Amino acid sequence: MSPLVQLAAEEAENPLIPPIPELVIGLIAFVIVFGFLAKKLLPNINKVLEERREAIEGGIEKAEAAQTEAQSVLEQYKAQLAEARHEAARLRQEAQEQGAALIAEMRAEGQRQREEIVAAGHTQIEADRKAAASALRQDVGKLATELAGKLVGESLEDHARQSRVIDRFLDELEEKAEAAR
């Protein structure tokens, strides 16, 4: 064969283009395999994909529900915390008011006791002053009588008379002392 004929025959048998019977058999085999996959495998794949999608959506819904519940719990916690703070402030205020009332009451009681002590002291001083004045009158009276008796040379032992003279003398001294003030 001549090289040209051989070249023409080789061109007729192109290795890139398969023969038609092989192409038909391949196409039938592809349709059978595709049909089998479409009937048996594709529903299973779709079912698994649908389950996965539902699981993902369910997870998202659960996460959203959990987030909503967490937000609700957080709001409740914040409300309880605010209420507790308000209650603590109220209790603090109440304690301060009670403390102030107790201090005022104690001051009033202390003032009352002080006034009682001062009044008792004044009463005691007045009683002591009267007792001292009475004792002084007696002592001054005795001394004056003895001195007068020594000066006069007679005994001045008449008690009634002696008391009147002494009382008159001391009253005059007190009047002069008050007038001098």
Side-chain angles (χ1 to χ4, degrees), residues 1-136 177-178 180-181:
M1 283 205 197
S2 78
L4 273 176
V5 174
Q6 200 177 12
L7 188 61
E10 285 180 15
E11 276 186 27
E13 289 185 28
N14 190 353
L16 296 178
I17 299 177
I20 296 215
E22 282 182 19
L23 191 60
V24 170
I25 292 175
L27 188 59
I28 292 174
F30 176 75
V31 168
I32 291 173
V33 169
F34 184 76
F36 173 76
L37 290 177
K39 290 283 182 183
K40 297 290 182 184
L41 198 57
L42 192 59
N44 289 338
I45 291 172
N46 283 338
K47 180 180 167 189
V48 167
L49 289 175
E50 184 65 27
E51 288 174 359
R52 179 179 265 172
R53 184 185 62 77
E54 287 175 4
I56 290 171
E57 287 177 359
I60 290 172
E61 289 173 1
K62 286 179 184 177
E64 288 174 354
Q67 185 176 8
T68 304
E69 183 180 347
Q71 188 67 27
S72 171
V73 168
L74 179 64
E75 292 300 322
Q76 289 176 352
Y77 170 74
K78 285 181 180 179
Q80 288 175 349
L81 185 61
E83 183 179 328
R85 285 182 179 156
H86 178 69
E87 181 68 17
R90 185 187 64 77
L91 289 175
R92 246 190 332 268
Q93 181 66 27
E94 219 174 80
Q96 286 175 349
E97 289 171 0
Q98 287 177 353
L102 186 61
I103 288 171
E105 183 180 320
M106 288 298 160
R107 282 186 180 158
E109 178 65 21
Q111 183 69 20
R112 185 190 60 77
Q113 287 177 356
R114 184 184 71 81
E115 289 172 0
E116 285 178 4
I117 291 170
V118 168
H122 286 305
T123 304
Q124 182 65 35
I125 289 171
E126 186 62 28
D128 288 348
R129 189 188 66 77
K130 286 181 181 179
S134 174
L136 184 63
E178 286 179 12
R181 287 187 197 171

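Fair warning: this is a prediction, and the values are worked out from it, not measured in the lab. We count residues from 1, following the sequence as given. Because only heavy atoms are used, hydrogens play no part in the values below, and waters and symmetry mates are left out as well, while side chains stay in.
In terms of heavy atoms, A38 sits closest to P43 at O-CD, 3.3 Å.
Note that the CZ atom of F30 and the CG atom of L37 stand 9.0 Å from one another [nearest 0.5 Å]. From E83, atom CD reaches atom NE2 of H86 across 8.5 Å, with rounding to the nearest 0.5 Å.
The environment of R53 atom CZ is dense: over 12 non-hydrogen atoms of other residues, nucleotides or ligands sit within 6.0 angstrom. More than 12 heavy-atom neighbours from other residues, nucleotides or ligands sit within 6.0 angstrom of CZ on R90. Around CD1 of I20, the count of heavy atoms belonging to other residues, nucleotides or ligands within 6.0 Å does not exceed 12.
Pairs of residues two or more places apart, or lying in two chains, never qualify as salt bridge (Lys or Arg N to Asp or Glu O under 4.0 Å) while including a residue from residues 37-48. Pairs engaging residues 62-71 under the salt bridge (Lys or Arg N to Asp or Glu O under 4.0 Å) rule: none recorded [sequence neighbours left out]. Here side-chain hydrogen bond (donor to acceptor under 3.5 Å, both in side chains) pairs that include residues 97-112, with residues two or more places apart or in two chains, are Q93-E97, E109-R112, E109-Q113, Q111-E115, R112-E116.
For R92, the salt bridge (charged side-chain N to carboxylate O under 4.0 Å, His left out) test picks out no residue, with sequence neighbours left out.
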Anything under 3.5 Å between a donor and an acceptor, one on a side chain of residues 123-132, the other on a protein residue two or more places apart or in another chain? List them.
| residue | atom | partner | partner atom | Å |
| --- | --- | --- | --- | --- |
| T123 | OG1 | A119 | O | 2.8 |
| Q124 | NE2 | D128 | OD1 | 3.0 |
| Q124 | NE2 | D128 | OD2 | 3.4 |
| E126 | OE2 | R129 | NH2 | 2.7 |

Can you list, pair by pair, the side-chain donor-acceptor contacts under 3.5 Å of residues 70-81, counting residues two or more places apart and other chains?
| residue | atom | partner | partner atom | Å |
| --- | --- | --- | --- | --- |
| Q71 | NE2 | E75 | OE2 | 3.3 |

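Between L23 and L27, every side-chain heavy-atom pair lies at or beyond the 4.5 Å cut-off.
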Q) Hey, mind stepping through V48 and N44 against side chain to side chain contact (heavy atoms under 4.5 Å, CB included) and telling me if it holds? A) CA-CA 6 Å; V48 167; N44 289 338; 5.5 Å; no
